[in-house]
Structures are given as structure tokens and as C-alpha cells.
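Proteins get letters first, then strands, A, B, ... in listed order; numbering begins at 1 in each.
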Number of protein chains: 2
Amino acid sequence: MSEPTIDTLRAHDIHPSPQRVAVGRYVLYTDEHPSAEVVFDRVRAALPTISLATVYNTLNLFVEKGLLRSLALREGRTVFDPCLEPHHHFIDDETGTIVDVPWDALEVKNVDGLGDLQVDSYQVVLRGKRLS
Amino acid sequence: MSEPTIDTLRAHDIHPSPQRVAVGRYVLYTDEHPSAEVVFDRVRAALPTISLATVYNTLNLFVEKGLLRSLALREGRTVFDPCLEPHHHFIDDETGTIVDVPWDALEVKNVDGLGDLQVDSYQVVLRGKRLS
DNA sequence: ATCGGTGCAAATTATTTGCATGAAT
DNA sequence: ATTCATGCAAATAATTTGCACCGAT
């Protein structure tokens, strides 16, 4: 029986302690763009003794090791996204929900024509309401 | 002798107290995308007795009254921008400097073709190095 | 016993709240 | 004297740091 989360952590030089595995099992597979606080709530369901500081440290470690990306999208709190490929983000202003928008769904023209601004990466941040 | 900052505050139903005028004289005309802390430092040069809480409250009031926009661009701190027209932002990863990019310098295609995502506003956030 | 890695209590940073004070009627 | 706006001390929220503990040598 293999445990893919543990394999992933090892592949990135992260010792798979119980706390790190519990955080990884949730945050490496979610699409809800959680803040550290949300990760804490979710992970406590599986590991009630974990502390918020350990969640922060684990998230920062995952970012450093290239498993997660941290995003400044919501005011006042950093959110985390396990999707590493370039993509855009849509923010529902009413609910705060953040949705990934595939890279190819939009096209941005003239990124290389901005004079002395040498662009290494970019994303479009969209806001509005999700109909459903 | 007219004082344009005071006129602007009055035009937006903001009582021009000395603290608000001092904050406004800086933040309504700057292009440096300051955090609250930076505003505090700049304003203290003119009004050494002002407190950081008053700076925060004044910035939030200006945002509420439509004089400023607050932006989640730097991790962990909100920054403020007096430019209200739609535009994009370039962030210099080395220095943290944020530069406005005119709306017409870029073109984003297919914003209205995202299915159930009804886009009310958007901006491109670019990162890289400014050459000079 | 020593050392490197781990997790969390405590500290720090960022921001908001609530109330004392003063100006206008 | 009552009301309402104002500004800041104190409180709260968000995140980081530093050290005690534990397992491997």
C-alpha cells in the first residue's frame, strides 16, 4: 500500500512527520485556495493536537520546497494553491471564493512591449460574481 | 490661497482635520503604492504627533469615500493607490517597487467568455525586474 | 552525551475597536 | 447640555521566531 502524500514529501526532501503528512493530505489536493487558518481547521479534523504555528511553518516549508504557491489575493491573508502551472484567478466578491482560470482561457497581448519592465511572470486577477 | 487637498476632502464629505489633511497631502498624490506603515513615516515628517491607528483609520475612510483604492499586492500588507482609473500593476521582485501600467498598454482577450464567471473588473499583475 | 530536525509557546507585526475628548448647536 | 465626529490606547488578528524536546549516532 503506497501513500502518495508521503512519497511526494520525500521526493521534495521533506521528512514526512505526522503533522506534515496531515497538512499535505489536505493542502496538496485542495482547490479551495485556503488561508493558513482554514488549513488549520481542516487538518485538526484528522490531527486535533496540531498547532497553528506548525501549520504556518509547514505551509512555508512546502512553498520553499516547491510544492505550493502562496498568493496575495485576499486582503490581509495569504492563501495557498497547490496548482503550480501558470494560471489566472477569479475572485467572487460576494463569497470570497477563489477559482482557478486555465492559462489558455485568456490571452494577454503586449506583455513584452512595456519598455524597461522585464516581465518574468504574470497573471490576470478577475473579480465578479459566479453565476450558478 | 486655495488648498486642493482640503477641497478634495470636502468634495468627498470628509471633514478636513489636520491629521486627514496631512495624510491626504501625501497619499492622494504619491505613486509609490505605500503601505500604512510607509504613510505613517511620511506623514510624521509633517505632523510628528499623529498615531499609526489614525493613519489606518484615515486610509480606510479615504477608501470608503472613493479617494483611494486598497490593493492586496504585497504579501502580508495592504498597499494604497490614489489612481482610481483601471490599470495594471508591475511588481519588481528584487526591490518590491510597484509600478502602474496603463490600461491600454496591455490587451486581455476573452474576459467575457469564461462561462459562469461574470467578470466585473480585472487587472493584470506582472512580476519581474525593472531595467534602468 | 551530542547533534540535527521538529513542533509549539511566546513574541512580533498588522490592523481594528471602543471609548475619552473636543467642537458645533 | 447634547450630539456627533475625531484620534488614539488598547485589543485583536496574522504570522514568525527561538528554544525545549526527541530520536539517531
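Looking at residues two or more places apart in sequence or on another chain, you find a side-chain hydrogen bond (donor to acceptor under 3.5 Å, both in side chains) between A:E32 and A:Y26, A:R42. With sequence neighbours excluded, the residues forming a salt bridge (Lys or Arg N to Asp or Glu O under 4.0 Å) with A:D41 are A:R44, listed by chain and number. Partners of B:S35 by side-chain hydrogen bond (donor to acceptor under 3.5 Å, both in side chains), not counting sequence neighbours: none found. Every residue two or more places apart in sequence or in another chain was checked for a salt bridge (Lys or Arg N to Asp or Glu O under 4.0 Å) with A:R20, and none qualifies. Partners of B:D31 according to the side-chain hydrogen bond (donor to acceptor under 3.5 Å, both in side chains) rule, which considers only residues two or more places apart in sequence or in another chain, do not exist here. Taking A:T97 as the reference, A:T95 meet the side-chain hydrogen bond (donor to acceptor under 3.5 Å, both in side chains) condition, with sequence neighbours excluded.
Interface residues of residues 68-75 of chain A facing DNA chain C, ordered by number: none; criterion, heavy-atom separation under 4.0 Å.
If you measure from atom CD of A:E37 to atom P of D:dT16, you get 14 Å, rounded to the nearest angstrom. When the P atom of C:dT6 is taken as reference, atom CG of A:D13 falls 11 Å away, rounded to whole Å. Taking atom CZ of residue A:F40 and atom P of nucleotide C:dG7, one finds them 14 Å apart after rounding to whole Å. Atom CG in A:L61 sits about 17 Å away from atom P in D:dT15, given to the nearest Å. In this entry the distance linking CG of B:N60 with C1' of C:dT15 reads 8 Å, nearest Å. Taking atom CZ of A:F62 as the reference point, atom P of C:dT6 lies 11 Å away to the nearest angstrom.
In the hydrophobic clustering of this structure, B:I98 does not group with B:V39; members are Ile, Leu, Val, Met, Phe, Trp, Tyr whose side-chain heavy atoms approach within less than 4.5 Å, directly or through other members.
Residue contacts shown for B:T78 are limited to sugar-phosphate atoms, with no base heavy atom under 4.0 Å away.
Between the side chains of B:T54 and B:S51, at least one donor-acceptor pair of N or O atoms lies under 3.5 Å.
Here salt bridge (Lys or Arg N to Asp or Glu O under 4.0 Å) pairs that include residues 97-118 of chain A, with residues two or more places apart or in two chains, number zero.
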Show every donor-acceptor pair shorter than 3.5 Å between a side-chain atom in residues 73-80 of chain B and any protein atom, with sequence neighbours excluded, or say none if there are none.
{"residue": "B:E75", "atom": "OE2", "partner": "A:S70", "partner atom": "OG", "Å": "2.5"}

Cut-off 3.5 Å, no hydrogens considered: what does the side-chain donor-acceptor table look like for residues 120-132 of chain B, sequence neighbours left out?
{"residue": "B:D120", "atom": "OD1", "partner": "B:Q118", "partner atom": "NE2", "Å": "3.4"}
{"residue": "B:Q123", "atom": "OE1", "partner": "B:H89", "partner atom": "ND1", "Å": "2.9"}
{"residue": "B:R127", "atom": "NH1", "partner": "B:D93", "partner atom": "OD1", "Å": "3.1"}

Output a table of nitrogen or oxygen pairs between the protein and nucleotides 8-11 of chain D separated by less than 3.5 Å.
{"residue": "D:dC8", "atom": "OP1", "partner": "B:T49", "partner atom": "O", "Å": "3.3"}
{"residue": "D:dC8", "atom": "OP2", "partner": "B:S51", "partner atom": "N", "Å": "3.1"}
{"residue": "D:dC8", "atom": "OP2", "partner": "B:S51", "partner atom": "OG", "Å": "3.3"}
{"residue": "D:dC8", "atom": "OP2", "partner": "B:T54", "partner atom": "OG1", "Å": "2.7"}
{"residue": "D:dC8", "atom": "N4", "partner": "B:N57", "partner atom": "ND2", "Å": "2.6"}

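Comparing C:dG5, C:dT15, D:dT15 against the side chain of A:R77 picks out D:dT15 as the nearest. Side chain of A:Y56, nearest nucleotide from C:dG7, C:dA14, D:dA14: D:dA14.
Where B:G76 and B:I14 meet DNA chain D, the nucleotide closest to each residue was compared, and B:I14 sits on the side nearer the 5' end.
Overall bending of the helix from C:dA1-D:dT25 to C:dT25-D:dA1, expressed as the angle between end axes built from five pairs apiece, is 30° (10° steps).
Contact annotation: A:S35 side-chain N/O to D:dA14 OP1/OP2 distance is not under 4.0 Å.
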